[in-house]
Amino acid sequence: MRVGLCCQFAEQAIKFRITTATAVLKLARPAQLQKLSELCLHNAGALQQAIEWCAANEVGAYRVMSQFWPLKTHPTCGYQLSDLPAAANITAQLAVCRNMAASSNVRLSFHPDQFVVLNSPRAEVVESSLAELEYQAEAAELIGADVVNIHGGGAYGDKVTALARFRENLPRLSPRARKLLTLENDDKVYTPSDLLPICRAEHIPLCYDVHHHRCLADGLTIEEATAAAVQTWQGREPLFHISSPLQGWEKPQPQLHHDYIEPGDLPPGWLQLPITLDIEAKAKELAVLRLQAWIKKAQKEPPRNSRALAAAKKRG
DNA sequence: AGCGGTCAAGTTGAT
DNA sequence: ATCAACTTGACCGCT
């Protein structure tokens with residue numbers, strides 16, 4: 001099992017830069033491209049730092065932020081990589097990232113954000129979603145990322161119809177983007193049971209989020225969902241997510257993320273699985289390192305350690 | 001240098 | 001009706 005860091009660092013001075021459309025639109029086009037070029041080049045350098053940090057700390061995966069190329073698909077600020085003055089430098093730097101990630105075995109992935117809704121009834125939403133998926137797939141190819149993971153989208157009162165629409169839109173993706181696509185269960189609409197049929201039929205891996213599953217349950221146990229999700233990866237290393245509730249499972253809003261991962265929230269069966277586990281926790285790399293240390297201990301002495309921890313917790 | 005308002009986008013559910 | 005939440009605060013203009 002390897003653990004993964006998502007996007008940002010809490011303490012490490014590794015920063016990705018973004019901008020706003022408002023700021024960019026105040027500039028003439030050449031100045032726009034100059035600014036965006038600088039940000040892309042900076043972010044490519046930051047990605048190298050992030051990969052180096054992961055490799056040095058035995059963190060086996062890293063999720064790249066969606067704004068890696070800021071405003072890439074914006075209707076008026078958008079651009080092609082080849083439009084940027086520093087395109088050659090950026091491409092070269094991305095190749096450095098790809099080689100470094102490969103040689104140090106740091107798995108890279110993308111997770112387009114909430115605006116990417118492939119099953120929306122609104123054509124313009126689907127269009128912008130497709131554009132965003134193509135952008136992230138282009139970046140993924142250049143750095144060697146193997147996953148672009150999204151949610152099912154909205155329900156619009158009828159999940160079956162909505163998921164059918166998702167499926168109908170799949171052929172509109174390029175082969176490159178289609179190959180990288182994975183589906184994740186969410187905490188409001190689509191459970192693993194909802195997604196597994198389309199995952200199997202379309203050969204889309206299920207990125208199983210156990211925290212979401214606990215927030216929005218279906219008939220499946222965690223063990224059943226785990227086994228079913230692993231199957232959808234068809235021999236590839238599965239990518240799963242975990243987080244812990246901010247105020248515990250008994251308080252309202254358990255879907256809110258805690259700073260760290262409570263080891264008790266890690267399904268015990270996962271310890272021996274060859275999976276990538278992205279850590280969604282506010283304390284970022286600190287949470288990853290803390291869970292990583294706990295996992296290593298637990299793997300050394302599986303039964304005693306977890307029992308001892310449970311007992312210690314009971315004693316307080 | 002520090003501070004506060006603002007930021008491209010969708011959908012849901014809590015208040 | 002408004003707004004926070006989501007993978008995440010950072011940017012920018014003003015003082």
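The sequence lines fix the lettering, A, B, ..., with proteins before strands; numbering per chain opens at 1. These numbers come from the heavy atoms of this one structure, side chains and all, not from hydrogens, waters or symmetry mates. Everything quoted here is computed from the prediction, not taken from an experiment.
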In whole angstroms, how far is the [atom2] atom of [N] from the [atom1] atom of [X]?
X        : N      : atom1 : atom2 : value
A/Met65  : B/dA8  : CE    : P     : 14 Å
A/Glu127 : B/dG10 : CD    : P     : 14 Å
A/Glu124 : B/dT11 : CD    : C1'   : 14 Å
A/Gln114 : B/dG13 : CD    : P     : 16 Å
A/Phe68  : C/dA10 : CZ    : P     : 17 Å
A/His241 : C/dC6  : NE2   : C1'   : 13 Å
A/Asp259 : C/dT8  : CG    : C1'   : 13 Å
A/Tyr190 : B/dG13 : OH    : P     : 11 Å

Next on the checklist: Looking at A/Glu202, I want to see if its CD is surrounded by more than 12 non-hydrogen atoms of other residues, nucleotides or ligands under 6.0 Å.
Outcome noted: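 Count over threshold, so yes.
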Pick the [atom1] atom in [N] and in [M], then give their distance to the nearest Å.
N     : M      : atom1 : value
B/dG5 : C/dC3  : P     : 14 Å
B/dC3 : C/dC6  : C1'   : 27 Å
C/dT8 : B/dC7  : P     : 22 Å
C/dA5 : B/dA9  : C1'   : 16 Å
B/dA8 : C/dC11 : P     : 14 Å

Checklist entry - Using purine N1 to pyrimidine N3 plus N6-O4 or O6-N4 for Watson-Crick, or N1-O2 and O6-N3 for G-U wobble, each under 3.5 Å, what pairs with B/dT12? => result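 Check on B/dT12: paired to C/dA4, both distances under 3.5 Å.
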Side chain of [X] (C-beta onward), nearest among [options]:
X        : options               : answer
A/Lys188 : B/dG13, B/dA8, B/dG10 : B/dG13
A/Val117 : B/dA8, B/dT11, C/dG9  : B/dT11
A/Tyr156 : C/dT8, B/dG10, B/dA8  : B/dG10
A/Pro121 : B/dA8, B/dT11, C/dC6  : B/dT11
A/Val189 : B/dC7, B/dT12, C/dC6  : B/dT12

Next on the checklist: Determine whether the aromatic ring of A/Phe115 stacks with the base of B/dG10, defined as ring centroids separated by less than 5.5 Å and ring planes inclined by less than 30°.
Outcome noted: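 A stacking contact does not exist, since A/Phe115 is not both close and nearly parallel to the base ring of B/dG10.
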Checklist entry - Which of these, A/His111, A/His212, A/Glu184, A/His211, sits in a side chain to side chain donor-acceptor pair (under 3.5 Å) with A/His241? => result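 That would be A/Glu184.
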So do [Y] and [X] actually touch side chain to side chain, heavy atoms under 4.5 Å?
X        : Y        : value
A/Asp194 : A/Asp218 : no
A/Pro205 : A/Leu239 : no
A/Val126 : A/Arg172 : yes
A/Ser109 : A/Asp278 : yes
A/Phe110 : A/Leu180 : no

Next on the checklist: Applying a 4.0 Å non-hydrogen cut-off, can you work out what A/Ser120 is touching in the nucleic acid: base, sugar-phosphate, or nothing?
Outcome noted: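 If one applies the 4.0 Å heavy-atom cut-off, A/Ser120 turns out to touch the sugar-phosphate alone, with no base involved.
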Item to check | N/O donor-acceptor pair, side chain A/Ser128 with base B/dA8, under 3.5 angstrom | outcome: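 No, no donor-acceptor pair under 3.5 Å.
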Item to check | Distance flag, aromatic centroids of A/Tyr208 and A/His213, threshold under 6.0 Å | outcome: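 Yes, the ring of A/His213 comes within the 6.0 Å limit of the ring of A/Tyr208, centre to centre.
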Checklist entry - With under 30° as parallel and over 60° as perpendicular, where do the rings of A/Trp270 and A/Phe240 fit, or are they tilted in between? => result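 Rings of A/Trp270 and A/Phe240: tilted, 30 to 60°.
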Item to check | Phosphate contact (C/dT8 OP1 or OP2) by A/Arg63 side-chain N/O below 4.0 Å | outcome: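 Answer is no, no contact under 4.0 Å.
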Item to check | Side-chain N,O (A/Thr22) to OP1/OP2 (B/dA8) below 4.0 Å | outcome: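 Yes, because at least one side-chain N or O of A/Thr22 sits under 4.0 Å from OP1 or OP2 of B/dA8.
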Kindly give the atom pairs (protein nitrogen or oxygen, nucleotide nitrogen or oxygen) under 3.5 Å for nucleotides 11-15 of chain C.
from: C/dC12; atom 1: OP1; to: A/Thr19; atom 2: OG1; distance (Å): 2.9
from: C/dC12; atom 1: OP1; to: A/Lys35; atom 2: NZ; distance (Å): 2.8

